[in-house]
Structure formats: C-alpha cells, structure tokens
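To keep things clear, I will list the structure first and then write my remarks on it.
Residue numbers begin at 1 in each chain, while the letters A, B, ... track the order of the sequences. Worth saying up front: this structure is predicted, and the values here are computed from it rather than measured.
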Amino acid sequence: MSGPKEAQQAAELTYTISELAAEFGITARAIRFYEDQDLLQPERDGIKRVYLRRDRGRLKLILRGKRVGFSLSDIGEMLALYDPNNESREQLKLTLGKSRDRLAILRRQRQDIDEVIAELEDGCRQISDLMETQTETS
DNA sequence: TTTCTTACA
DNA sequence: TGTAAGAA
C-alpha cells in the first residue's frame, strides 16, 4: 500500500492510455488517433500521455457521438466549446442543431429503407404468384 | 512490459 | 483505425 501507483492515485486521479482503452473497450491507437484529430489533448509526463478526468469525460462524449453517427470533425466542433464546468449555451446550441440534423438524416434513411423493403416484398409476391401459376399450368 | 512515433494498408 | 518496426 505504498507503491508509486497508490501515491499517484492519492495525489490526483489520472489515467494511462491503456487504462482508458480497457475501460472503454477501444485500442490505444484509437485514442491517439482522436488526439491527432484534436479531439483530445492529454497532459504529458515526459513522453508518456497522462489523461485527467476531463480527458476521460471528453473521450466518453467522443464515443457517444461516434455511436450515433457523428463524424469526428462534427464531434470536434461540439467538443471545442466543451467545458466540464460551465456548459456553454453555444456548445449546447451547436450540439442540438447537429443532433436534429442527424435525426433528420436517419429518419429519411429509415423511410428509404421502408420503401425498398416494400418494393422487394411486392416483387417476391409477384414472383411467388407467377411460380404458382406455372406449377398449375405445367 | 508498456508506450511512443512513423509509415503503410 | 489496424499492424508493423524500432526506440525508450
């Protein structure tokens, strides 16, 4: 109970890239990639990356954004104004707008899919009827 | 062992 | 983003 790990944990809650990768089920490579895209800006202990709580929070938001289909650049814009303390109204406004855009896109896609499904169902129906007719005739 | 960078797929 | 290579 006196190793460097405990001492550091008592000082300030920090994470290594591998810890975050394990926690969120992604690879360290992905985390470094997000940094390249300016979505994350961890501290440095020499050459080692040191992630603080706000980095962890940002990563969580990045992954949530990806899940719903936002591009990394969109996420970057939303995160640019992200402040764990005072949620800027601009930030919220931007995110709300992008969310509504995404919703509109998904709804249109769902409609398109429903239409294609209907066409295929109709096509299958016609083929089935044709086959039954041929069976009866031959 | 773990992490880093760089380069290529 | 995965993988590979070589360094720290």
Side-chain angles (χ1 to χ4, degrees):
Chain A
M1 275 295 258
S2 59
K5 193 172 184 178
E6 288 72 14
Q8 181 183 57
Q9 188 174 56
E12 52 184 305
L13 357 243
T14 198
Y15 312 82
T16 64
I17 194 170
S18 58
E19 290 175 336
L20 288 182
E23 181 182 349
F24 292 106
I26 58 181
T27 63
R29 176 74 175 83
I31 296 176
R32 297 191 191 98
F33 182 73
Y34 299 150
E35 183 182 336
D36 282 335
Q37 305 300 304
D38 295 311
L39 271 50
L40 289 175
Q41 30 225 236
E43 306 287 300
R44 291 275 183 165
D45 172 22
I47 193 179
K48 306 292 187 183
R49 270 169 266 246
V50 177
Y51 298 87
L52 305 182
R53 273 186 171 175
R54 78 118 176 304
D55 297 309
R56 190 207 175 235
R58 287 187 143 233
L59 182 54
K60 182 173 290 184
L61 291 178
I62 291 171
L63 298 178
R64 179 189 300 172
K66 279 197 55 184
R67 239 193 311 142
V68 299
F70 286 126
S71 67
L72 290 185
S73 61
D74 278 336
I75 296 174
E77 288 180 51
M78 299 187 271
L79 243 40
L81 298 68
Y82 175 62
D83 186 319
N85 305 306
N86 66 306
E87 286 286 4
S88 149
R89 321 313 168 198
E90 276 190 74
Q91 202 269 19
L92 297 176
K93 181 180 178 183
L94 179 68
T95 300
L96 178 60
K98 286 185 179 297
S99 294
R100 286 176 169 159
D101 288 343
R102 192 90 243 297
L103 225 38
I105 291 174
L106 290 172
R107 284 174 172 146
R108 177 188 159 177
Q109 293 185 321
R110 179 167 64 187
Q111 179 175 35
D112 289 341
I113 290 175
D114 286 339
E115 290 176 10
V116 175
I117 286 176
E119 284 185 48
L120 287 172
E121 291 179 331
D122 188 59
C124 287
R125 202 175 305 127
Q126 288 182 42
I127 295 175
S128 292
D129 293 345
L130 177 60
M131 290 179 78
E132 282 183 36
T133 298
Q134 295 181 320
T135 298
E136 293 169 19
T137 303
S138 60

Taking DNA chain B as the partner, which of residues 22-36 of chain A come within under 4.0 angstrom of it by heavy atom?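 Going residue by residue through residues 22-36 of chain A, the ones with a heavy atom under 4.0 Å of DNA chain B turn out to be A/Arg29, A/Arg32.
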
Interface with DNA chain B, restricted to residues 54-62 of chain A and to heavy atoms under 4.0 Å: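 Output list: empty, so none.
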
Which distance, rounded to the nearest 0.5 Å, do you find between the [atom1] of [X] and the [atom2] of [Y]?
X: A/Ile117; Y: A/Ile113; atom1: CD1; atom2: CD1; answer: 6.5 Å
X: A/Leu81; Y: A/Arg89; atom1: CG; atom2: CZ; answer: 12.5 Å
X: A/Leu20; Y: A/Thr27; atom1: CG; atom2: OG1; answer: 12.0 Å

Quick test of your reading of the model: are A/Arg125 and A/Glu119 salt-bridged, counting only N-O distances below 4.0 Å?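 Not counted as a salt bridge, because no side-chain N and carboxylate O are separated by less than 4.0 Å.
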
So, are A/Glu43 and A/Arg49 salt-bridged, with charged N and O less than 4.0 Å apart?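 Here A/Glu43 does not pair with A/Arg49 in a salt bridge, since their nearest N and O are not under 4.0 Å apart.
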
What is the distance from [atom1] of [X] to [atom2] of [N], rounded to the nearest Å?
X: A/Arg44; N: B/dT2; atom1: CZ; atom2: P; answer: 19 Å
X: A/Leu40; N: B/dC4; atom1: CG; atom2: C1'; answer: 16 Å
X: A/Lys66; N: C/dT1; atom1: NZ; atom2: P; answer: 3 Å
X: A/Ile47; N: B/dT3; atom1: CD1; atom2: C1'; answer: 8 Å

Tell me whether A/Glu115 at atom CD has more than 12 heavy atoms from other residues, nucleotides or ligands lying less than 6.0 Å away.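 Result for CD/A/Glu115: enclosed.
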
Just do the salt bridge (charged side-chain N to carboxylate O under 4.0 Å, His left out) check on A/Asp112 and A/Arg108 with the steps written out, would you? CA-CA 6 Å; A/Asp112 289 341; A/Arg108 177 188 159 177; 3.7 Å; yes

Report yes or no: do A/Ile62 and A/Leu92 belong to one cluster of Ile/Leu/Val/Met/Phe/Trp/Tyr joined by side chain heavy-atom distances under 4.5 Å?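 As far as the 4.5 Å side-chain criterion goes, A/Leu92 and A/Ile62 are not connected within one cluster.
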
Is the closest side-chain heavy-atom distance between A/Pro42 and A/Tyr15 below 4.5 Å?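 Not in contact.
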
Under 3.5 Å, N/O pairs linking protein and nucleotides 5-8 of chain C:
none

Where the side chain of A/Glu19 meets the backbone of A/Thr16, is there a donor-acceptor pair that is under 3.5 Å apart?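 Side chain of A/Glu19 to backbone of A/Thr16, a donor-acceptor pair under 3.5 Å: yes, one is there.
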
